[in-house]
Amino acid sequence: PPRRIEQIVLGLLTLAGAGMVGYCLVSRQSLLAPLPRSMLVIWVGVWAGMLYTLYLVGTGRRWPADRPIPSMEGIMLGAMALTSAGLTAATWPRPAGPVRAEVVWTFEVPRPEQGRIVSTPLVEGGRLYAAAALGSGFPYGALYCLDRETGRPRADFNRGRPFDDGGDLKQVFSSPCAADGRLYLGEGFHQDSFCKLYCLDAATGQKLWHVPTKGHTESSPCVADGKVYIGAGDDGLYCVEAVRGKVLWHFEGPHVDCTPVVVDGRLYGGSGYGTYEVFCLDARTGNLVWRVPVDLPAFATPAATPDGRVVFGIGNGNLLASAGTPAGALLCLDGRTGALLWRFDVGDGVHRQPAVDDRHVYCVTRDCHCYCVRLADGALVWKKELNSPVAAAPALARSPQHDGRPGLYIAASRGTIYCLDPDTGAVRWTFDVAEHSQAQPLLLSSPIVVTDPTGSGPRRRIYFGAELVNPLLESTPAVYCLEERP
């Protein structure tokens, strides 16, 4: 049997390994991700050595002199070899189905920059705009303009460099929005204040104007009828002239982090701090049309339907962590009066915009599920379990040119991209960012799906941002471009 000190070391390592596995299970982190998987092989070796030690000590076994003695190292290495072989078999790529997703290109922010991309990319013509939150001790932001076909920075945008307002751009949560050759972007995370709404020339990256606020502009800009609308946290909501940047009205009172939605002259939004409520404003004047108190924070961007309904997602917790008693719901309101039409409760917060078609509402939550409910009455149609909490909005792409099949695209936070059948919830294909990057990904950026006509038929591509954490715990902001292929 091992000496006393060796037994103590093995015992401590055994407890450490059990703690790691317990943490992964509690945090819903997959043990098959690259870093936990590598550590699991080591811990299995330690556990095998501990069991062998307990066997030798407990039985007082002494081996005959004429028989070989199984060594502790042999037992541990054998267990590690078997575990490694089993995990390799479990994660070996499966045969492709009718459709699969393949990487076209990836863009990683060059070293030594660290950070993440939480913002949703914007595809506009042949360009892709992606905003990043960079730095650790002194965070700041940057807006990249990439060639949509190659993923390389465009030389004609800010001379091939990211826009950072001369180093004054704060870290970016807001997603860029484009209209009439102009690019609009907010700045700041929740802890930031005195943030700005920016307007840039979309082709050159030249700053045209900015509007200061007292709060943070985590909200993404919404452009409608020559006006830009954006939430400013504790500073309420702004309406700004799109060309000159003149403030037309300022709605104060609620804390607005969601992206406002403007439909038929009405603006819909919600408040996630202070007084929880959803509201409707006259988009021209900023006057209140109706407000409805709710029992949970309203961070998610609402979704409006052609028949005048508005679907709000509500829930506690945040994108990275659940509340002590998690709760969430979908609310469907009459857009004209604010009357509640139906409510559908889910197991955790709905923090991103639901996807809506003519029959169904699709939402994702931190309870690791995607839900499909009937638009007419909120009845559950199907529920699909995913591999981790979801904190990015689902993308519904209905393209009759693409084999006549719609798709529901979801980015799960621990690195899996799903394409589901919107009618049944069946999985069409998955893509594992961890397997491709050999890092632990964090996906908070919502996927954007674009279908283009080509000489050989329609082409569907999926773009999304990511944070890639390597074994040294260094984080790299990245943008992925996938393509669906037979």
Side-chain angles (χ1 to χ4, degrees), residues 1-59 61 63 68-96 100-101 103 106 108 114 116 320 368 385-389 411-418 427 430-443 466-476 478 480:
R3 292 175 298 173
R4 184 68 174 173
I5 184 64
E6 294 173 329
Q7 295 177 29
I8 294 174
V9 171
L10 272 175
L12 293 175
L13 289 176
T14 296
L15 293 176
M20 183 210 73
V21 172
Y23 170 78
C24 289
L25 295 176
V26 170
S27 63
R28 297 180 181 271
Q29 180 174 338
S30 174
L31 290 171
L32 297 182
L35 183 58
R37 188 175 67 209
S38 301
M39 297 300 295
L40 186 60
V41 172
I42 297 173
W43 295 127
V44 168
V46 170
W47 296 334
M50 191 66 203
L51 290 174
Y52 185 47
T53 298
L54 293 174
Y55 169 74
L56 293 177
V57 173
T59 61
R61 185 68 181 265
W63 295 87
I69 303 174
S71 69
M72 178 68 70
E73 293 85 353
I75 294 292
M76 296 176 68
L77 289 174
M80 292 169 66
L82 291 175
T83 303
S84 181
L87 290 173
T88 299
T91 57
W92 196 263
R94 301 298 190 266
R100 67 184 187 278
V103 176
T106 60
E108 295 186 4
Q114 294 190 51
R116 62 181 56 167
L320 294 174
C368 305
E385 183 174 358
L386 308 176
N387 70 338
S388 61
S413 60
R414 292 299 178 185
T416 302
I417 303 294
Y418 290 86
V427 176
T430 62
F431 177 82
D432 190 346
V433 177
E435 289 294 330
H436 177 267
S437 65
Q438 294 302 300
Q440 178 61 59
L442 177 63
L443 304 185
E467 176 187 4
L468 306 177
V469 182
N470 65 25
L472 299 178
L473 301 182
E474 298 172 328
S475 60
T476 300
Y480 271 77

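With sequence neighbours excluded, the residues satisfying side chain to side chain contact (heavy atoms under 4.5 Å, CB included) with L442 are R116, L320, S413, L444, E467. By the side-chain hydrogen bond (donor to acceptor under 3.5 Å, both in side chains) test, T416 is found to be paired with N387, residues two or more places apart in sequence or in another chain being considered. With sequence neighbours excluded, no residue satisfies side-chain hydrogen bond (donor to acceptor under 3.5 Å, both in side chains) with T14. Annotation: side-chain hydrogen bond (donor to acceptor under 3.5 Å, both in side chains) contacts of Q114 (sequence neighbours excluded): none. E474 is linked by a side-chain hydrogen bond (donor to acceptor under 3.5 Å, both in side chains) to N470, counting only residues two or more places apart in sequence or in another chain.
In this structure, L40 CG and W47 CH2 are separated by 6.0 Å, a value rounded to the nearest 0.5 Å. Atom CD1 in I8 sits 12.0 Å away from atom CG in L13 (nearest 0.5 Å). Between T53 atom OG1 and M76 atom CE the span is 8.5 Å, to the nearest 0.5 Å.
Of all heavy-atom pairs spanning E108 and L468, the tightest one is OE2-CD1, 3.7 Å. Summarising the geometry of I417 relative to A411, their closest heavy-atom pair is CD1-CB, 3.6 Å, with the distance given to 0.1 Å. W43 approaches G17 most closely through the heavy-atom pair CD2-CA, 3.3 Å. The heavy-atom pair separating A48 from I75 by the smallest distance is O-CG2, 4.0 Å. Here the closest heavy-atom approach between residue Y418 and residue T430 is recorded as CD2-CG2, 3.6 Å. Here the closest heavy-atom approach between residue I42 and residue M80 is recorded as CA-CE, 4.2 Å.
Inter-residue side-chain proximity for M72 and E6 is flagged as unmet; no heavy-atom pair is nearer than 4.5 Å. With a 4.5 Å cut-off on side-chain heavy atoms, L443 and V433 count as touching.
Classified by interplanar angle (parallel below 30°, tilted 30° to 60°, perpendicular above 60°), the ring pair H436/Y480 is perpendicular.
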